[in-house]
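All values reported here derive from a predicted model rather than from experimental measurement.
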Amino acid sequence: MESPKRLQNVFVVAERPAELHSFYESALGLQLKFRDKDRWIQYGVGNTSFALACREEAAPATSGVVMVFEVEDFDTAAERVAASGGQVLGMRDMGAHGAVLSLRDPEGNIVQLFKRQSAPAS
């Protein structure tokens with residue numbers, strides 16, 4: 001597995017995403033990029049994104065901040081994570097949006113790897 005391409009996203013697990021949306025929009029002037037009701041509220045910040053996620057959308061995270069790193073593939077990720085003292089929690093296929101591999105680092109923090117959907121062969 002190569003090093004991640006970039007920090008794709010950072011999200012906060014929010015108890016009240018709609019209220020936090022008002023805060024981040026007015027206090028920091030963040031511009032809305034995408035919204036799925038109060039499940040996922042995403043802002044563009046430079047060449048990355050910041051989002052608010054309800055608990056159900058954030059799973060397996062239940063609180064705190066989650067970093068999402070964009071990678072080319074997941075081929076050796078599980079082996080490297082386990083060998084480094086972490087744990088692979090599972091993969092979520094999001095169809096056209098790509099896929100996310102959820103990990104737990106040795107201190108219990110949730111980190112995710114994001115892989116874009118492969119372009120169809122022509």
F74-V68 co-clustered via ILVMFWY side chain contacts under 4.5 Å: no

Measuring from atom CG of L89 to atom CD of Q112, what distance do you get when rounded to the nearest 0.5 angstrom? 9.0 Å

How close do P106 and S84 get, heavy atom to heavy atom, and via which atoms? CG-O, 3.8 Å

Between R35 and H21, is there a side-chain heavy-atom distance shorter than 4.5 Å? yes

Distance col, row L52:CG vs Q42:CD, nearest 0.5 angstrom, shows 10.0 Å

Hphob cluster co-occupancy, L28 + V65, side-chain heavy atoms under 4.5 angstrom: yes

Are M67 and L113 connected in a single hydrophobic cluster, I mean Ile/Leu/Val/Met/Phe/Trp/Tyr linked by side-chain heavy atoms less than 4.5 Å apart? yes

K5 meets the salt bridge (Lys or Arg N to Asp or Glu O under 4.0 Å) criterion, sequence neighbours left out, with E70, E72

When rounded to the nearest 0.5 angstrom, what is the spacing between CZ in R116 and CE in M94? 10.0 Å

Within the 4.5 Å heavy-atom criterion, are R104 and N109 side-chain neighbours or not? no

Ion pair check, E57 and K37, cut-off under 4.0 Å: no

Flag if over 12 foreign heavy atoms under 6.0 Å of CZ, R6: yes

Heavy-atom closest contact (P17 atom, D38 atom, distance): CG-O, 3.3 Å

With ring-ring contact (aromatic ring centres under 6.0 Å, His included) as the test, pick out the partner of F11 among F50, F114, W40, Y43. W40

With sequence neighbours left out, what residues match E15 under side-chain hydrogen bond (donor to acceptor under 3.5 Å, both in side chains)? R55

Treat each ILVMFWY residue as a node, draw an edge where side-chain heavy atoms are under 4.5 Å apart, and state whether L103 and V100 are in one component. no

CD on Q8 to CG on N47, rounded to 0.5 Å: 10.5 Å

Would you indicate whether the side-chain heavy atoms of V13 and T62 approach each other to under 4.5 Å? no

Atom pair CD/CD1 of E25 and I41 - distance to nearest 0.5 Å: 9.5 Å

In the single-linkage hydrophobic clustering (I, L, V, M, F, W, Y; side-chain heavy atoms under 4.5 Å), do L7 and I110 co-cluster? no

Are V10 and T48 close enough that some pair of their side-chain heavy atoms sits under 4.5 Å apart? no

Can you tell me how far the CG atom of L101 sits from the CE atom of M91, to the nearest 0.5 Å? 7.5 Å

